[in-house]
Amino acid sequence: MSKPLTKEDWIKIGQQMMDDRAKAIKIAKTRKFDTVATHGLYTMETAFSGNSGSIMEPIYLTTAEAYRDSAHMEAALAYEMPTWCYSRIANPSIGFLEDTIALLESYGTDIEASCCATASGMAAIRTATDAFLIKDDSLPKPNFVTSAKVYGGTFQQFSVRRYKEQGIEVRWVCNPYNLDEWKSKIDEGTRFVYGEFPSNPAVAIFDIEEVTKLAHKFGIPMIVDATCASPALTRPLQFGADIVIQSGTKVISTNGTSICGMLTSRKNIISKVGCDDMKADFAVWAKLWPFRDNGPSISPINSILTLNDLRSLRMRIAQMSDTGLKVATFLENHPKVDRVYYPGLKSYPAHEIARKYMKLADTNENKYSYMMAIEIKEKAPMDSVNARKFYDALQMIWRATDLGRCKTVATLNAISTHQQQGEEGRKLAEIKPSTCRIAVGIEDPEDIIKDLEQALEKI
Ligand SMILES: *Cc1c(COP(=O)(O)O)cnc(C)c1O
């Protein structure tokens with residue numbers, strides 16, 4: 001029998017594992033977007049070393065990792081060697097997804113990113129923002145600055161959970177195109193700046209680079225929810241942002257099987273609060289500590305379902321964006337439609353910013369995504385009579401609160417995603433009773449337009 005391994009031997013084995021991983025990352029960084037999305041860090045070597053040669057990433061439906069002996073357990077649980085240990089903290093299947101997302105969010109740059117996958121997009125937002133709202137008596141009372149044009153769930157998390165329940169001041173930026181408004185809201189008590197690109201459902205954007213510069217001037221991080229753009233169009237880390245949020249539920253996993261979130265960070269983020277480890281590698285720190293204690297973990301099944309869809313993200317975004325532009329152009333020219341908000345239209349108030357930030361990966365081509373908000377013409381500004389007639393007449397397009405799906409979905413936001421926000425909240429988010437969000441899918445654009453046309457005729 002060979003001599004038993006000591007803790008030091010295990011740490012050395014761990015070092016080798018980390019060196020191999022660094023090499024794999026280096027190779028992946030030389031590949032194109034579609035290749036990275038397809039392979040991530042799962043190589044033939046990974047397949048043959050403990051994954052039974054499986055060509056696809058296996059689903060590890062298991063709670064915990066076993067250790068060879070006490071020395072192995074001791075080294076692993078001191079986090080002195082790579083380990084996944086317990087599926088609330090980590091799991092190999094979840095890891096395959098995290099590796100791929102980290103590579104895609106930092107694609108085309110030499111940024112080293114890390115990702116922490118969560119049970120939902122909301123859990124990713126909560127995990128990312130919790131860390132900066134910790135008690136620190138050496139600082140003024142905490143506040144944070146956020147675009148008011150955010151997803152309905154985010155609005156509720158900020159206004160109800162953060163403000164009403166926890167008393168943390170939320171400073172809303174009503175016009176995210178206006179840099180002066182961002183500037184006027186940030187002060188010494190601000191812990192982070194938050195924006196959505198583009199926002200759901202108002203389809204508002206902001207100048208990521210300029211707002212990030214403002215945040216950094218105050219020594220605080222910039223967090224961007226880029227769910228509706230996805231890394232195939234917009235990668236905020238490239239423009240200086242510190243943390244990116246994705247609801248993997250949306251266009252990343254377009255086939256609509258599961259709920260999933262991710263937060264991805266660059267190394268050495270800027271923050272006024274938190275320990276050195278937190279600033280050095282935020283996503284990994286979050287995963288090993290607060291995430292472990294709070295438990296918003298994702299299922300390994302959902303991780304692999306999301307990963308399987310993620311592989312074809314760029315080609316879907318390309319087609320869905322082309323369809324989006326066709327549908328938006330049709331609607332803008334329709335006499336029964338008052339306004340169309342779509343970043344690809346010349347009439348869009350921040351078309352120039354969209355041109356800067358929304359480009360299909362590996363091309364120099366602007367693509368403007370699959371999502372638009374329209375306002376149906378009404379007799380009075382607060383009416384929704386015509387919008388409801390149109391909405392109820394849709395035959396192929398689904399009535400649901402969903403987006404980024406392979407199937408086209410339409411949502412009347414005032415009575416769904418933004419019902420609970422009240423009149424005041426809807427005003428902040430600029431949601432009118434006649435606002436309808438349309439998220440086009442992968443169907444033929446002609447059939448989508450046909451359905452919209454017949455529904456508009458019913459008004
Ligand atoms: C849907 C959505 C979320 C929340 O994600 P879930 O996975 O549903 O929790 C967050 N941000 C944006 C922009 C979204 O569209």
Side-chain angles (χ1 to χ4, degrees), residues 94 97 101 105 115-130 146-162 176 194-206 208 223-236 241 243-264 291 294 296-299 301-303 305-307 309-310 313 317 320 341 343 357-358 369-373 400-405 409-411 413 416-421 429-431 435 437-441:
I94 300 169
L97 174 67
I101 289 287
E105 290 287 9
C115 171
C116 168
T118 55
S120 67
M122 293 321 299
I125 296 169
R126 184 81 196 190
T127 306
T129 54
D130 263 351
T146 172
S147 169
K149 298 205 171 54
V150 289
Y151 173 66
T154 309
F155 186 88
Q156 292 293 104
Q157 189 182 102
F158 289 172
S159 65
V160 180
R161 309 297 152 218
R162 289 300 185 200
Y194 189 98
E196 217 171 272
F197 193 104
S199 74
N200 169 11
V203 202
I205 58 177
F206 64 98
I208 301 174
I223 305 175
V224 181
D225 178 341
T227 295
C228 297
S230 93
L233 284 186
T234 307
R235 294 174 296 285
I243 298 171
V244 186
I245 305 286
Q246 293 288 344
S247 164
T249 316
K250 306 295 166 54
V251 74
I252 283 179
S253 62
T254 201
N255 290 313
T257 50
S258 47
I259 301 287
C260 162
M262 302 103 176
L263 69 88
T264 308
F291 182 89
N294 293 329
S297 47
I298 182 172
S299 143
I301 296 188
N302 287 3
S303 301
L305 288 172
T306 304
L307 183 62
D309 274 355
L310 173 61
L313 176 68
I317 286 279
M320 288 161 86
Y341 298 88
Y357 290 106
M358 302 180 85
S369 96
Y370 47 89
M371 190 172 76
M372 66 200 75
T401 58
D402 205 359
L403 64 99
R405 241 8 97 226
V409 174
T411 312
N413 298 92
S416 57
T417 57
H418 284 68
Q419 180 169 159
Q420 289 163 17
Q421 280 77 334
E430 275 186 297
I431 307 296
T435 299
R437 180 185 69 202
I438 297 172
V440 302

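Whatever order the structure lists ligands and atoms in, that order sets their numbers, starting from 1. We number each residue from 1, following the sequence as shown.
Residue contacts with ligand 1 for S199 are absent, since no atom lies close enough (heavy atoms, distance under 4.0 Å).
Distances below 4.0 Å separate heavy atoms of C260 from the following atoms of ligand 1: 7 (O). Atoms of ligand 1 lying under 4.0 Å from any heavy atom of D225, numbered from 1 in the order shown and given with element: 10 (C), 11 (N), 12 (C), 13 (C).
When hydrogens are left out, the protein atom nearest atom 6 (P) of ligand 1 is G121 N, 3.3 Å; that is the closest non-hydrogen contact. Annotation: atom 5 (O) of ligand 1 to nearest protein heavy atom, S247 OG, 3.0 Å. Atom 14 (C) of ligand 1 has its closest protein heavy atom at K250 NZ, 2.9 Å. For atom 7 (O) of ligand 1, the closest non-hydrogen atom on the protein side is T249 OG1, 2.6 Å. In terms of protein heavy atoms, atom 4 (C) of ligand 1 is closest to Y151 CE2, 3.4 Å.
Ion pairing of R437 with D402 is absent here, as no side-chain N (NZ or NE/NH1/NH2) approaches a carboxylate O to less than 4.0 Å.
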Practice item. Please step through side-chain hydrogen bond (donor to acceptor under 3.5 Å, both in side chains) for the pair T227 and D225, ending with a clear verdict. Key: CA-CA 6 Å; T227 295; D225 178 341; 2.6 Å; yes
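Heavy-atom distances between G404 and ligand 1 stay at or above 4.0 Å for every pair.
A 4.5 Å side-chain heavy-atom check between V203 and M371 finds at least one atom pair inside the cut-off.
Considering OG1 of T306 and CE of M262, their distance stands at 5.5 Å, rounded to 0.5 Å. In this structure, CG in N255 is found 4.0 Å from CG in D309, a value given to the nearest 0.5 Å. Rounding to the nearest 0.5 Å gives a distance of 13.0 Å between OG of S199 and OH of Y151.
Of the residues T154, I223, T118, the one that meets the side chain to side chain contact (heavy atoms under 4.5 Å, CB included) test with I245 is I223.
Residue I259 has no nitrogen or oxygen atom sitting less than 3.5 Å from a nitrogen or oxygen atom of ligand 1, judged on distance alone. For ligand 1, none of its N or O atoms has an N or O atom of T154 under 3.5 Å away.
A 6.0 Å sphere centred on CD of Q157 holds more than 12 heavy atoms belonging to other residues, nucleotides or ligands.
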